[in-house]
Amino acid sequence: MPYLQLDDRFAEHPKMTGLSAVAFRLHVTGLCFVARQLTDGAISSGSLRGILANSGAAKRHVTELVTAGLWEVAGDGHRVHDYLDWNSSRSEVEARVEQARKAARARWNGNG
């Protein structure tokens, strides 16, 4: 299972303190989505509709995140800025899961 890495000073970062409450919630909802779905920070336009609905946000809040430098326009969707600098990639998560499966199989078979 993937986890989202957030610095314990995340909420006090200057990029965060300048956001509206709704844009802050949108950003956190988006971060949770990309971590859970293993998108490496990418948010497709189709996924954005669900994220907006779940966060109670509107397109203007997406613009607020882009202006703050938290999200970037990427093709017809968006990307969380520097997501992979702080979080595991899809391939890293999948490798950890596979390693855990192999270890569990080895224990089950009496090899570990």
Self-check item: Shared hydrophobic cluster for V22 and L48 (ILVMFWY, side-chain gaps under 4.5 Å)
Solution: no
Quiz item: If Ile, Leu, Val, Met, Phe, Trp and Tyr residues are connected whenever their side-chain heavy atoms lie under 4.5 Å apart, and connections chain through other members, are V80 and W86 in the same group?
Solution: no
Quiz item: Shortest non-hydrogen contact from A58 to L52?
Solution: O-CD2, 3.7 Å
Exercise. Could you pull out all residues at least two apart from A95 that satisfy side chain to side chain contact (heavy atoms under 4.5 Å, CB included)?
Key: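 With sequence neighbours excluded, A95 shows a side chain to side chain contact (heavy atoms under 4.5 Å, CB included) to no residue whatsoever.
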Exercise. Please list, chain by chain and in numerical order, all residues satisfying side chain to side chain contact (heavy atoms under 4.5 Å, CB included) with T63, sequence neighbours excluded.
Key: T67
What donor-acceptor contacts under 3.5 angstrom involve side-chain atoms of residues 27-34, with partners at least two apart or in another chain?
unit_1 : atom_1 : unit_2 : atom_2 : d
H27    : ND1    : W71    : NE1    : 3.0
T29    : OG1    : R25    : O      : 2.8

Self-check item: Sequence-distant partners of R9, salt bridge (Lys or Arg N to Asp or Glu O under 4.0 Å), two or more places apart
Solution: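 Partners of R9 by the salt bridge (Lys or Arg N to Asp or Glu O under 4.0 Å) criterion, ordered by chain and then number, come out as D7.
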What pairs of donor and acceptor atoms, side-chain ones from residues 10-21 against any protein atom, are under 3.5 angstrom apart with sequence neighbours left out?
unit_1 : atom_1 : unit_2 : atom_2 : d
H13    : ND1    : K15    : N      : 2.9
K15    : NZ     : G69    : O      : 3.4
T17    : OG1    : P14    : O      : 3.3
S20    : OG     : A23    : N      : 3.2
S20    : OG     : E64    : OE1    : 3.0
S20    : OG     : E64    : OE2    : 3.3

Exercise. Hey, could you give me the CG/CG distance between N87 and D82, rounded to the nearest 0.5 Å?
Key: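 Result: 10.5 Å between the selected atoms.
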Quiz item: Under a 4.5 Å cut-off applied to non-hydrogen side-chain atoms, are V73 and H78 in contact?
Solution: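 V73 vs H78: side chains touch.
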Quiz item: Looking at side-chain heavy atoms only, is the closest gap between E98 and R101 below 4.5 Å?
Solution: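 Yes, side chains in contact.
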Quiz item: With sequence neighbours excluded, what pairs up with H81 under the side chain to side chain donor-acceptor pair (under 3.5 Å) test?
Solution: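 Partners of H81 under the side chain to side chain donor-acceptor pair (under 3.5 Å) test: E72.
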Quiz prompt | Results of side chain to side chain donor-acceptor pair (under 3.5 Å) for Q5 - residues two or more places apart only | solution = none
Quiz item: How would you list all residue pairs meeting side-chain hydrogen bond (donor to acceptor under 3.5 Å, both in side chains) that involve residues 46-60, not counting sequence neighbours?
Solution: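 Of all non-adjacent pairs touching residues 46-60, those that pass side-chain hydrogen bond (donor to acceptor under 3.5 Å, both in side chains) are S44-S47.
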Exercise. Could you tell me whether a side-chain N or O of D40 sits under 3.5 Å from a main-chain N or O of R90, the two making a donor and an acceptor?
Key: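 Between the backbone of R90 and the side chain of D40 there is a qualifying donor-acceptor contact (under 3.5 Å).
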